[in-house]
Amino acid sequence: MKKRILSILPALVFQLSGLFGQNPAPCKQVIGYYPDWQWYDRSQLVRPTTIDYSKYTIINYCFFNPQANGSIALGDSWAEQNLLQGQFDWNTNTYIPNTSVVDLAHNANVKVLVSIGGWTWSTNFPAIAADPVKRAQFAHDCNYYVSYYNLDGIDIDWEYPAQTDAANFTTFLQQIRDSLNALEVHNNEQYLLTAAVSAAPANMLNVQWGPVSANLDLINLMSYDFFGAWDAVANHNGPLYAPGCGDPAFNIHSAFNTLTQVHGVPAAKITIGVAFYGRTQTGFTSLCGATSGNAATSAFPPDGTPMYYDVVNALSNYTYNWDNAAHVPWLSGNGVFVSYDNEQSIAEKAQYINNVGAAGAIIWEITGDYLETSPGSGVIAGTPLADTLNAVLCGSPLAVSATESVSGFRLFPNPSAGTVQFRFNGNGNDQQVSILLTDLRSRPVEAASADVLRGMQPSITRNYSHLPAGLYLCHVLFQDGHRVTEKLLITHP
């Protein structure tokens with residue numbers, strides 16, 4: 001019997017493809033930014049038909065470009081045509097239905113907003129907000145694009161209003177809100193107005209939060225880019241809590257508290273930013289030690305901001321570390337420091353969102369989480385960060401997979417702080433099973449083990465409290481050769 005059990009372990013390790021089904025809709029707001037320029041990347045890997053819309057409640061398509069006269073220009077007209085309108089049929093001179101981000105998102109009950117501005121295109125905002133004619137033109141164009149592309153609203157990404165812009169920023173948002181209200185009456189629809197805001201305390205002082213929050217449906221806190229190659233020491237891109245060095249206000253916890261407790265913004269309107277990219281620094285000797293700029297390597301982009309898939313593909317070249325103060329990981333090797341987020345840190349940030357009663361999360365940006373089966377394969381393997389974010393935000397037992405059979409199993413409790421029971425449907429006969437725990441890319445994290453089930457309601461208890469918080473896959477291979485896989489969410493107090 002022992003020999004038979006051991007013989008099925010290799011089969012379990014290699015039978016791990018095709019495990020990802022569609023998740024239910026997120027339990028909180030999950031706003032995914034989708035930049036038009038990323039459509040071209042990796043041979044258009046993340047395009048309208050390959051986006052997993054079940055991971056998001058809102059797609060913020062970015063960016064449109066505010067002009068000096070208050071009008072709004074397309075960011076990339078070719079990308080906009082293909083992404084917001086869909087594939088064009090030159091035989092009929094019409095756009096093919098259900099090939100655009102808008103159509104496909106709406107089919108999945110996901111809203112689409114267009115985000116206007118961004119870091120590069122915020123220059124004209126002050127003059128537009130200060131001029132009633134330009135404000136009117138801007139509000140008019142917002143309505144035009146909402147109607148033309150069948151959007152669900154507008155996201156303003158002004159980076160960042162100065163103190164002299166505070167009153168004008170309020171008036172600017174009020175005019176857009178009033179204009180959208182009028183469009184709502186005309187179209188018998190409801191439209192969202194949201195804004196991306198700075199996580200820096202100094203920039204928060206430049207906003208009249210009372211009237212601003214009243215005019216906004218959601219306030220998207222850009223809680224990343226706290227530290228990077230512009231700093232003289234190695235520090236984290238998006239720490240959850242204060243690191244051991246640097247400005248103690250530069251972290252998610254402090255930024256959220258400042259926004260809610262100092263400025264009185266309702267927690268239920270705030271979506272907290274999580275980064276699906278990292279930042280690198282070179283000349284690295286130690287965390288909080290001196291560095292000397294971006295680390296552009298063969299594995300990472302020249303600007304030193306690797307996407308999550310870049311980091312995953314380069315993991316074997318670096319030493320993994322976890323910062324217990326900031327609650328984020330980092331990599332080191334060959335004089336390079338890599339700050340990024342992984343499943344564990346995303347799980348902790350999502351749990352923080354639950355704990356403080358925030359509205360949800362924003363993702364900058366969604367394409368960084370689309371992993372390939374192998375680099376350059378063009379085949380999407382999964383979205384582990386988005387999966388983890390959704391699982392924790394839902395905060396309830398994960399759905400039993402469709403593969404469960406008479407001899408299947410359930411995990412209890414799930415989520416779990418570490419100790420888990422595999423509860424099987426027994427038939428009174430002894431059954432041989434093997435259990436393997438893997439990450440979401442099906443890489444083993446806990447060695448496969450063989451067990452024998454006896455009785456009508458057999459169970460097996462495992463303690464996974466030594467593993468980092470996050471989302472895992474539990475694979476069980478039965479003696480008759482069939483396999484059942486369930487997702488397990490591990491959370492720690």
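Note that this is a predicted model, so its numbers are computed, not measured.
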### Message
If the test is side-chain contact (heavy atoms from CB on, under 4.5 Å), which one of Asn321, Leu287, Val338 qualifies with Ser332?
### Response
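So the option named by the test is Asn321.
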### Query
Do side-chain atoms of Thr291 reach the backbone of Gly283 as a donor and acceptor pair under 3.5 angstrom?
no
### Message
Using only atom types and a distance under 3.5 Å, with no angle test, would you say the side chain of Asp157 pairs donor to acceptor with the backbone of Trp119?
### Response
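No, Asp157 side chain to Trp119 backbone: no donor-acceptor pair under 3.5 Å.
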### Message
I want to check something: taking the side chain as every heavy atom from C-beta on, are Leu385 and Tyr308 in contact at a cut-off of under 4.5 Å?
### Response
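The answer is yes; the side chains approach within 4.5 Å.
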#### Entry: Heavy-atom side-chain proximity of Phe284 to Ser292 below 4.5 angstrom
no
### Query
Would Thr170 and Gln208 satisfy side chain to side chain donor-acceptor pair (under 3.5 Å), going step by step from the backbone distance to the final call?
CA-CA 7 Å; Thr170 301; Gln208 297 174 338; 2.6 Å; yes
Does [atom1] belonging to [X] count more than 12 external heavy atoms closer than 6.0 Å?
X: Lys134; atom1: NZ; answer: yes
X: Gln44; atom1: CD; answer: yes
X: Asn334; atom1: CG; answer: no

### Query
Taking NZ, NE, NH1 and NH2 as the nitrogens, is one of them in Arg177 or Asp217 under 4.0 Å from a carboxylate oxygen of the other?
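Salt bridge flag = yes for Asp217 with Arg177.
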### Ion pair Lys55/Asp369, N-O distance below 4.0 Å
no
### Geometric cation-pi criterion Arg279 and Phe337, 6.0 Å radius, 45° cone
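Judged by the rule (NZ or CZ under 6.0 Å from the ring centre, within 45° of its axis), Arg279 is not positioned above Phe337.
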### Task
Measure across Pro48 and Leu104 and return the closest heavy-atom pair with its distance rounded to 0.1 Å.
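Shortest heavy-atom contact: O-CD1, 3.2 Å.
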### Message
Can you list everything that forms a side chain to side chain donor-acceptor pair (under 3.5 Å) with Tyr149? Sequence neighbours excluded, please.
### Response
none
